[in-house]
2 protein chains.
Amino acid sequence: MAGKVIKNNIRVLRFQNDEMTQAALADKSGVTRQTILAIEAAKYAPSLELAFKISDIFSTPLEDVFQYVDKE
Amino acid sequence: MAGKVIKNNIRVLRFQNDEMTQAALADKSGVTRQTILAIEAAKYAPSLELAFKISDIFSTPLEDVFQYVDKE
DNA sequence: TTGCAATGTAAAATATACTTTACATTATGT
DNA sequence: ACATAATGTAAAGTATATTTTACATTGCAA
């Protein structure tokens with residue numbers, strides 16, 4: 001039931017982008033550190049707007065940051 | 001303040017896809033007709049998961065359905 | 001070893017997406 | 001003219017994303 005889940009590469013992208021910290025990413029995307037933490041831990045998926053903001057910060061397409069894939 | 005807004009082409013895509021009705025799209029994406037209506041009317045943006053589902057239904061990349069653009 | 005930066009856990013409060021129900025409007029076909 | 005399908009408006013309720021606060025852990029540098 002549900003079939004697919006949303007995964008993300010935020011952690012990897014942070015390190016690729018000058019080892020950006022969770023707090024720094026939170027700051028740039030206008031949310032709190034807890035929100036970034038929860039999303040990285042996949043406790044919940046971000047809103048579409050936040051997903052776009054994070055993608056923008058990494059200068060990468062949304063689908064390179066978030067993937068909607070079958071859960072194994 | 002905010003700079004950007006989320007726009008979408010759901011309406012156009014519905015018509016391109018066999019004139020799919022709002023109710024039909026709602027059905028396929030597992031939400032109610034009101035939700036599709038509200039998103040088309042840009043009353044609010046969908047969750048990332050719903051955005052992915054809708055894109056899947058139209059067999060098109062998410063960014064072809066939703067755009068995060070400067071508000072004119 | 002002490003201190004600090006980064007990350008993690010947790011819980012209560014708020015904002016926003018989404019549902020449910022009900023009714024109004026518009027267009028189309030018969 | 002009537003019936004019906006599709007779309008629109010609206011309001012109250014539920015679910016989930018996000019905030020706020022507070023504290024624990026880990027690693028690294030002085």
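For the pair A:P46/A:F66, a side-chain contact is recorded, criterion being any heavy-atom separation below 4.5 Å from C-beta on. Between B:K53 and B:V31 the shortest side-chain heavy-atom distance does not fall below 4.5 Å. Residues A:N17 and A:L25 fail the side-chain proximity criterion, which asks for heavy atoms closer than 4.5 Å. The shortest side-chain heavy-atom distance between B:Q67 and B:N9 falls under the 4.5 Å cut-off. Side-chain atoms of A:N8 and A:I54, non-hydrogen and from C-beta on, never get closer than 4.5 Å to each other. A:L48 is not listed as a side-chain neighbour of B:L50, based on a closest heavy-atom distance of 4.5 Å or more.
For DNA chain D, the contact window with chain A, defined by any atom under 4.0 Å from a protein heavy atom, covers D:dA17 to D:dA22 in 5' to 3' order.
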Polar-atom pairs under 3.5 Å, protein N or O versus N or O of nucleotides 27-30 of chain C: list them with distances, or write none.
none

Enumerate all atom pairs, one protein N or O and one N or O from nucleotides 16-18 of chain C, separated by less than 3.5 Å.
residue : atom : partner : partner atom : Å
C:dC18  : OP1  : B:S47   : N            : 3.2
C:dC18  : OP1  : B:S47   : OG           : 2.8

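A continuous path of ILVMFWY side-chain contacts below 4.5 Å connects B:I57 to B:I39, so both sit in one hydrophobic cluster.
Across the protein-nucleic acid pair, B:D27 atom CG and C:dT19 atom P stand 12 Å apart, rounded to whole Å.
For the contact set between residues 9-17 of chain A and DNA chain C, defined by any heavy atom under 4.0 Å, the members are A:R11, A:R14.
Taking OG from B:S47 and CZ from B:F52, the interatomic distance works out to 10.5 Å, rounded to the nearest 0.5 Å.
Residue B:Q34 is in base contact, counting any heavy-atom pair closer than 4.0 Å across all strands shown.
Residues A:E49 and B:K4 come closest through the heavy atom pair OE2-O, 4.4 Å. Contact record, A:Y44 with A:T35: OH-CA, 4.0 Å, taken as the closest heavy-atom pair.
For B:A45, the side chain to side chain contact (heavy atoms under 4.5 Å, CB included) test picks out B:I6, with sequence neighbours left out.
Within a 6.0 Å sphere centred on CG of B:D70, other residues, nucleotides and ligands contribute more than 12 heavy atoms.
Annotation: salt bridge (charged side-chain N to carboxylate O under 4.0 Å, His left out) contacts involving residues 36-48 of chain A, sequence neighbours excluded, comprise A:R11-A:E40, A:R14-A:E40.
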